[in-house]
Amino acid sequence: MPPPTISAPGVRPAAFRFRCIGCGDLSDAARPDFRCAQCSNLLEITYPHWKESGPGAQTLKASWRQRRLSQSAIDLSGVWRFRDLLPGLEHDDQAITLREGNTPLYDLPQCARLTGVPRLFAKHQGLNPTGSFKDAGMTVAATFARLAGFRWVACASTGNTSASMAAYAARGGMRSLVLVPEGKISWSKLSQALDYGAVTCQLRTDFDGCLRLLQELVLRAPVYQLNSINPFRLEGQKTLALELLEQLDWQPPDHIIVPGGNLGNSSAIGKALLEMRDLHLISRMPKLSVIQAEGANALVRTWREANGKRLINVQAETRATAIRIGNPASWKKAVNVLEATGGACEQVTEVEIAQAKAEIGAEGIGCEPASAVTLAGLKKLVKQGIVKPEESVVLVLTGSLLKDPDFTMEFHRGDLLKDGDDEAAQAALNKLRRPPIVLDATLEAVMRTLEQAEK
Ligand code: F0G
């Protein structure tokens, strides 16, 4: 017998519909590519009954708190704990869960000093079961894939989505097909997909090429598409913001800063903020800012050069391979979020990413390179006066340090970015480098090393 679960009194399981973000068309079913049948724009999930009888804010908050005392699988999930704002399940045991979510919110005292922003926090999504924020979305989307009767799920990925999808497919008794760009994802992420039993294809193209192919595949073969084009993914990823606000006792921070790749996560967090405002869970909107690597800056260019009206895609190149994306699928959703929250869109260099990653690591928490763009971006936003020293800021760290050990090793050995011609930047990086030291196995050698390190 599973332990009893806790439901919010008077709140119905959420009946949902698909809404096109372009023409607003509402439908009960979605095509396999999750695009509008009328205008080909992306779909989002909407809950029409919230308008007449939205769940009460106090009831929801009390119920979410109460569920933390429960031992049932669905309540132990930091995603399904917020299920009143997710597409409804008929039975709680339908959820495929690895106890995702429940990630910590850390303070960052050293980075706070560096940036001059004392109230600086990190929401560490890298501490999810497969080591990235993708798990929050995958638990929901994989669940609905299985409910829809699919045997196969598939995704294109820069690594983390594939690791997460493969794990949830395995847990849910489904097969998974992974399309990744050959040579451009970390071994750590690739090895996860293999371990979880995915059929893993390394395609001779980039992420954008993999995603294009997947979109064609799902129209031809009975495979369920689990990229963040899938709106169920974004519903799960919304819970990052719900959990964050709960951790802050529902006092919104002034700024939330996220890395931008395919732009699903910024879209999901933005949707959560708008829904929280509409449901009176918060009284004020944080500004959501999106940071990209300079070499993969499609949203930055779209925002600056085309006023967010048409996508300017780029040929992406960055060592932060998780966000090596030039043709982001959810760019329109992300533009809507920037407009609705008043957030900024910035880009950072490879040197700035490497430096920020080492600075976060020096706090004892660590993250993967793509996550570090948030701290690098914050430094720029402070300089520009967009973030003020008295304001509070939450950085969303999307992946674990262990996701890309090669980057970290190359950085500390001085092999990463060694051709940089900016001497000041190189000097700043050198200060952070702690290469491993090979010594004779003598007490004297170790003592000498200790003395030198103390200087
Ligand atoms: N950070 C990490 C660690 C990621 O893996 C990704 C995306 C992002 C940030 C960007 O998030 O795409 O929602 O804007 N990784 C995807 C993948 C694309 O396939 O794992 P986004």
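As the structure lists them, so they are numbered: ligands from 1, and atoms in each ligand from 1.
For ligand 1, the atoms sitting less than 4.0 Å from at least one non-hydrogen atom of Glu368 are 3 (C), numbered in the order shown with element in parentheses. Interface of Ile325 with ligand 1, defined as ligand atoms under 4.0 Å from a residue heavy atom, comprises 18 (C). Shown in contact with Gly264 at under 4.0 Å from a heavy atom are these atoms of ligand 1, numbered in order with element: 13 (O), 14 (O), 21 (P). Here is the list of ligand 1 atoms found below 4.0 Å of a heavy atom in Asn160: 2 (C), 3 (C), 4 (C), 5 (O), 20 (O). Close approach of ligand 1 to Gly260 is summarised as follows: ligand atoms under 4.0 Å from at least one heavy atom of the residue are 14 (O). Within the listing of ligand 1, atoms 17 (C), 19 (O), 20 (O) sit less than 4.0 angstrom from a heavy atom of Ser157.
Shown here for Ser164 and Asp135, the closest heavy-atom pair between the two residues is OG-OD1, 2.6 Å.
Using a 4.0 Å heavy-atom cutoff, Val258 is absent from the residues neighbouring ligand 1. In this structure, Ser132 has no heavy atom closer than 4.0 Å to ligand 1.
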*Verify salt bridge (charged side-chain N to carboxylate O under 4.0 Å, His left out) between Asp28 and Arg17, making sure each step is shown before the conclusion.*
CA-CA 5 Å; Asp28 289 326; Arg17 301 190 78 189; 3.0 Å; yes
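Heavy atoms from both the backbone and the side chain of Ala322 come within less than 4.0 Å of ligand 1. Using a 4.0 Å cut-off between heavy atoms, Lys134 contacts ligand 1 through its side chain alone, with no backbone atom that close. The residue Asn227 has no part lying near ligand 1, judged by heavy-atom distances below 4.0 Å. The residue Lys403 has no part lying near ligand 1, judged by heavy-atom distances below 4.0 Å.
In this structure, atom 8 (C) of ligand 1 lies nearest to the protein heavy atom Ile323 CG2, 3.6 Å. In terms of protein heavy-atom proximity, atom 6 (C) of ligand 1 is closest to Phe133 CE2, 3.7 Å. For atom 13 (O) of ligand 1, the closest heavy atom belonging to the protein is Asn265 N, 2.8 Å.
Considering each of Leu299, Asn262, Thr161, the one bringing a non-hydrogen atom nearest atom 12 (O) of ligand 1 is Asn262. The closest non-hydrogen atom to atom 2 (C) of ligand 1, taken over Val180, Leu263, Thr398, comes from Thr398.
For the pair Thr321/Thr158, no side-chain contact is recorded, criterion being any heavy-atom separation below 4.5 Å from C-beta on.
Any N or O atom pair closer than 3.5 Å counts here, and Thr158 shares at least one such pair with ligand 1.
Around CZ of Arg171, the count of heavy atoms belonging to other residues, nucleotides or ligands within 6.0 Å does not exceed 12. Summarising the local packing, CZ of Arg204 is surrounded by 12 or fewer heavy atoms from other residues, nucleotides or ligands at distances under 6.0 Å. Within a 6.0 Å radius of CH2 in Trp250, more than 12 heavy atoms belonging to other residues, nucleotides or ligands are found.
One finds no salt bridge joining Glu352 and Lys379 here, because no Lys/Arg side-chain nitrogen approaches an Asp/Glu carboxylate oxygen to under 4.0 Å. A salt bridge does not link Glu305 with Arg310: every distance from a Lys NZ or Arg NE/NH1/NH2 to an Asp or Glu carboxylate oxygen is 4.0 Å or more. Glu391 and Lys287 are not joined by a salt bridge, as no carboxylate oxygen comes within less than 4.0 angstrom of a charged side-chain nitrogen.
Counting only N and O atoms by type, the side chains of Lys271 and Gln237 include no donor and acceptor under 3.5 Å apart.
Using cut-offs of 30° and 60° on the angle between ring planes, the pair Phe34 and Phe18 is tilted.
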